Structures are given as structure tokens and as C-alpha cells.
Amino acid sequence: MTAVDLNIPDCECVKDADMKKYATFKTGGKADVLFEPQNTAALCALLKALENEKIKYRVLGNGSNLLVSDDGVREAVIHIGRGMGEIEVQGTSLNCGAGALLSKAAGEAYKHSLTGLEFAHGIPGSVGGAVIMNAGAYGGEMKDVVREIEYVTQNGEIRRISGADAEFSYRHSFFSGKNLIVTRVTMELKEGESEKILEKMKELAERRRAKQPLEYPSAGSTFKRPEGHFAAALIDEAGLKGLSCGGAAVSEKHAGFVINKGGATTSDALKLIDKIKRAVFEKSGVALDTEVEIW
């Protein structure tokens, strides 16, 4: 049996899924099969079936930190999407399905006058993806607000871990590099004033518009922050702003972003990333590590 032959209740199945539609950089080939479970039970059933049939898989959130090969994906893709994106507010707690957009979660917090998630309003990822990489911006990180995480193991078992035990560090968590799927996240926020929360969100949104190339497809910040340095500054100092490879280019607005200026391929982006790494190392002696995930 192949992944295409699996029939799981409450789990949508897309054959020859165009990955350009699932990654914000808007490149990549087709996945042989993409599953989108609509709830945790369906996800558990899917994982058990894949395990029984020894079928390999990859997990996809909002695709906002991802470059997919132009040749596509031969493993099954599990998309944790809107079907697992419910958001509930209980007192000062925000309970989110992993497929919820982080920006939507921040919006719900604002509606209920809860403060602490303003930093996340403009981050394009999903809640699950944000937890896995401890996403952050403007002085805030997921580790600051996460109280509990529900996740599913490779054989379909549901487990939970506290935020305090999630091993959060810079762009890292307990889940990094492991075959575990985050399904729900509980965040503990504080009571605040709606006007001040909205003011903060607007301020951060304006800073993003002014400094980030939001008008172009991208996979967010391309490189991790090197210890003692800033990647964008190193790239700028190496004279790389505007450098292009095919349709991929170093943003003129923010050198830390590789953008799709039109018609780019993933191969273009990877070649450009390699050029940036070599040029920065030659200029400063600093080795850049990519923040984007590469399939």
C-alpha cells in the first residue's frame, strides 16, 4: 500500500499537491500526496496508518519558513491547517489548535483585552510552527507565553508538556529535529487595556512595513542571528543588497530577507543563499546558518 491509497476519516487527501500554494516563497514542485487532518483523532489515525505501512512523511504548517525542492516531495506531507485551527479564550488563557495562524491568535487576544502576544501579530506562521521554532519578534518570544503544549508522537500517541519543560531557546525547542507534531497550545496572557494593546500592534505593524519586504513573497528571515552579530548587517556590509540569482534576490529593504521578485525557483533561492554565505564569510569570517527549513 502507498500513502495515496490510505483512506482516513476526517482527513482530506490531495494528490499531486502543488507546493507553491502551501509555501509563502511561492516555489516548489508537487507532493505526491498531501493529507490535511481535520482534528487530532484523524491525525492520530493517519500517523498510525503511516507507521503501519512504513511510509515516511513530512509535517507542514503555514509554510512561512520553508523552501520546497523544485522536484517536489516524494514523502507524504501532513498539513496541519485550518481544520485544526480553532481558538478558545478561557479567562486569561488562549487555547489554540496548532493550525491557527499566529496573527489570528494575537487578534483574538486583543479582542478579549489580553496582553502579551502583541509581538506575534505580524508573524505569518501557524501556532504549532511558532512553538517548534520558538518564534519571536521585537523582544517577545513564544517561550514568554506558552503554558502547555499537546503533541502527538510518530505512532499516534497524545502527550503533553509544560512550556517550562519545552527547552525553549533561540529558534529552538524540545520539538526541534524530532518526529513529533504539535496539536494544541495553551498560552497564558495577562489582562490589559484594549486601546494600549491595539496601539502596540499598530506600532509593530508599521515597523514591519517600514523595514521588511512584505510586498514580495519570502520565507521570512533567511538566516539565524549569529552570536554577537546581526545577519542583515553582515550581508549589507558585504555589499549584497539587491544581489540576485534568477528570480530570487536579496531585499533592498532588509538584507536578511531573500525574496521572490518574480518567477523564482527554489534552486534560484538556494544558489543565492550559498553565494551570500560565501561572501559574508570572506568579508567578516562569520558563518551564517539558515533559519529557513529546506525540503
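Note that the structure is a prediction, hence the values are computed from the model and not measured.
- Residues I78 and L50 meet the side-chain proximity criterion, which asks for heavy atoms closer than 4.5 Å.
- With contacts defined as side-chain heavy-atom distances shorter than 4.5 Å, the pair E188/T92 qualifies.
- The heavy-atom pair separating C245 from L272 by the smallest distance is CB-CB, 3.9 Å.
- Without hydrogens or angle criteria, S244 side chain to G246 main chain gives no donor-acceptor distance under 3.5 Å.
- For the pair V68 and Y22, the minimum side-chain heavy-atom distance is 4.5 Å or more.
- In plain terms, the two heavy atoms of A109 and L189 that are nearest each other are CB-CD1, 3.7 Å.
- Remark: the backbone N or O of P217 is not paired with any side-chain donor or acceptor of N260 at under 3.5 angstrom.
- Summarising the geometry of A135 relative to F119, their closest heavy-atom pair is O-CE1, 4.0 Å, with the distance given to 0.1 Å.
- Considering V127, I161, T183 as possible partners of I149, the one that fulfils the side chain to side chain contact (heavy atoms under 4.5 Å, CB included) test is I161.
- Atom OG1 of T265 sits about 8.5 Å away from atom CZ of F25, to the nearest 0.5 Å.
- The side-chain heavy atoms of I197 and H112, taken from C-beta on, include no pair separated by under 4.5 Å.
- Taking the side chain as every heavy atom from C-beta outward, L240 and K275 never approach each other to under 4.5 Å.
- The side-chain heavy atoms of V280 and F223, taken from C-beta on, include no pair separated by under 4.5 Å.
- Distance check: D289 CG to T222 OG1 gives 13.0 Å after rounding to the nearest 0.5 Å.
- Between the side chain of H172 and the main chain of M133, no donor-acceptor pair closer than 3.5 Å is present.
- Around atom NZ of K253, more than 12 heavy atoms belonging to other residues, nucleotides or ligands sit under 6.0 Å away.
- Under a 3.5 Å cut-off, the side chain of D144 and the backbone N or O of G116 do not form any donor-acceptor pair.
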With salt bridge (charged side-chain N to carboxylate O under 4.0 Å, His left out) as the test, would you mind laying out the steps for E51 and K48 before giving the verdict? CA-CA 5 Å; E51 177 75 4; K48 289 175 182 177; over 6 Å; no
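- Note on V73 and L66: same hydrophobic cluster, where clusters join Ile, Leu, Val, Met, Phe, Trp and Tyr whose side-chain heavy atoms are under 4.5 Å apart, directly or indirectly.
- Counted within 6.0 Å of NZ on K104, heavy atoms from surrounding residues, nucleotides or ligands total 12 or fewer; the atom is thus considered open.
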Stepwise salt bridge (charged side-chain N to carboxylate O under 4.0 Å, His left out) test for R225 and E291: CA-CA 9 Å; R225 185 178 65 236; E291 185 171 310; over 6 Å; no
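- Within 6.0 Å of CD on E191 lie no more than 12 heavy atoms contributed by other residues, nucleotides or ligands.
- The neighbour count for K21 NZ, taken as heavy atoms of other residues, nucleotides or ligands under 6.0 Å away, does not exceed 12.
- Within the 4.5 Å cutoff, the side chain of S162 has no heavy atoms near those of the E148 side chain.
- At a threshold of 4.5 Å between non-hydrogen side-chain atoms, the residues P37 and I80 count as touching.
- A donor-acceptor pair shorter than 3.5 Å cannot be found between the side chains of H254 and Q212.
- The local environment of CD in E193 is sparse, with at most 12 non-hydrogen atoms from other residues, nucleotides or ligands closer than 6.0 Å.
- Of the listed residues (E88, Q90, R147), just one forms a side chain to side chain donor-acceptor pair (under 3.5 Å) with N95, and that residue is Q90.
- Hydrophobic cluster membership is shared by L43 and I55, with clusters built from Ile, Leu, Val, Met, Phe, Trp and Tyr side chains linked at under 4.5 angstrom.
- With D32 as reference, R74 is the one residue of R58, K56, R74, K15 to meet the salt bridge (Lys or Arg N to Asp or Glu O under 4.0 Å) rule.
- The closest donor-acceptor contact from the side chain of N134 to the backbone of F168 lies at 3.5 Å or more, if one exists at all.
- The main-chain N or O of E36 is found under 3.5 Å from a side-chain atom of Q38 such that the two form a donor-acceptor pair.
- Put simply, CZ on F281 and CG on L288 are 10.5 Å apart, with the number rounded to the nearest 0.5 Å.
- Remark: the S194 side chain and the S113 side chain contain an N/O donor-acceptor pair separated by less than 3.5 Å.
- Heavy atoms from other residues, nucleotides or ligands lying under 6.0 Å from CZ of F174 number more than 12.
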Could you walk me through whether E150 and R160 pass the salt bridge (charged side-chain N to carboxylate O under 4.0 Å, His left out) test, one step at a time? CA-CA 4 Å; E150 178 189 272; R160 291 173 180 82; 3.0 Å; yes
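- Note that CG of L94 and OG1 of T186 are 8.5 Å apart. Values are rounded to the nearest 0.5 Å.
- With rounding to the nearest 0.5 Å, the separation of CG in L67 from OG1 in T266 is 5.5 Å.
- Note that the CG atom of D70 and the CG atom of D268 stand 7.5 Å from one another [nearest 0.5 Å].
- Checked by atom type, the side-chain pair E167/S173 shows no donor-acceptor distance below 3.5 Å.
- Both I8 and V152 belong to a single network of hydrophobic side chains, linked directly or stepwise wherever heavy atoms of I, L, V, M, F, W or Y lie under 4.5 Å apart.
- A continuous path of hydrophobic side-chain contacts links V59 to V33 [ILVMFWY only; heavy atoms under 4.5 Å].
- At a threshold of 4.0 Å, the pair K196-E199 does not count as salt-bridged, since none of the basic side-chain nitrogens sits closer than that to a carboxylate oxygen.
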Please test E108 against K111 for salt bridge (charged side-chain N to carboxylate O under 4.0 Å, His left out), starting from the C-alpha separation and ending with a verdict. CA-CA 5 Å; E108 285 297 312; K111 289 179 184 178; 3.3 Å; yes
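- Linking ILVMFWY residues whenever their side-chain heavy atoms come closer than 4.5 Å, directly or via other members, leaves Y138 and L214 in distinct clusters.
- The environment of OH in Y170 is crowded: more than 12 heavy-atom neighbours from other residues, nucleotides or ligands sit within 6.0 Å.
- Across all their heavy atoms, S218 and V258 have their closest contact at CB-O, 3.6 Å.
- Of the possible donor and acceptor atoms, none in the side chain of S103 sits under 3.5 Å from a partner among the backbone N and O of P124.
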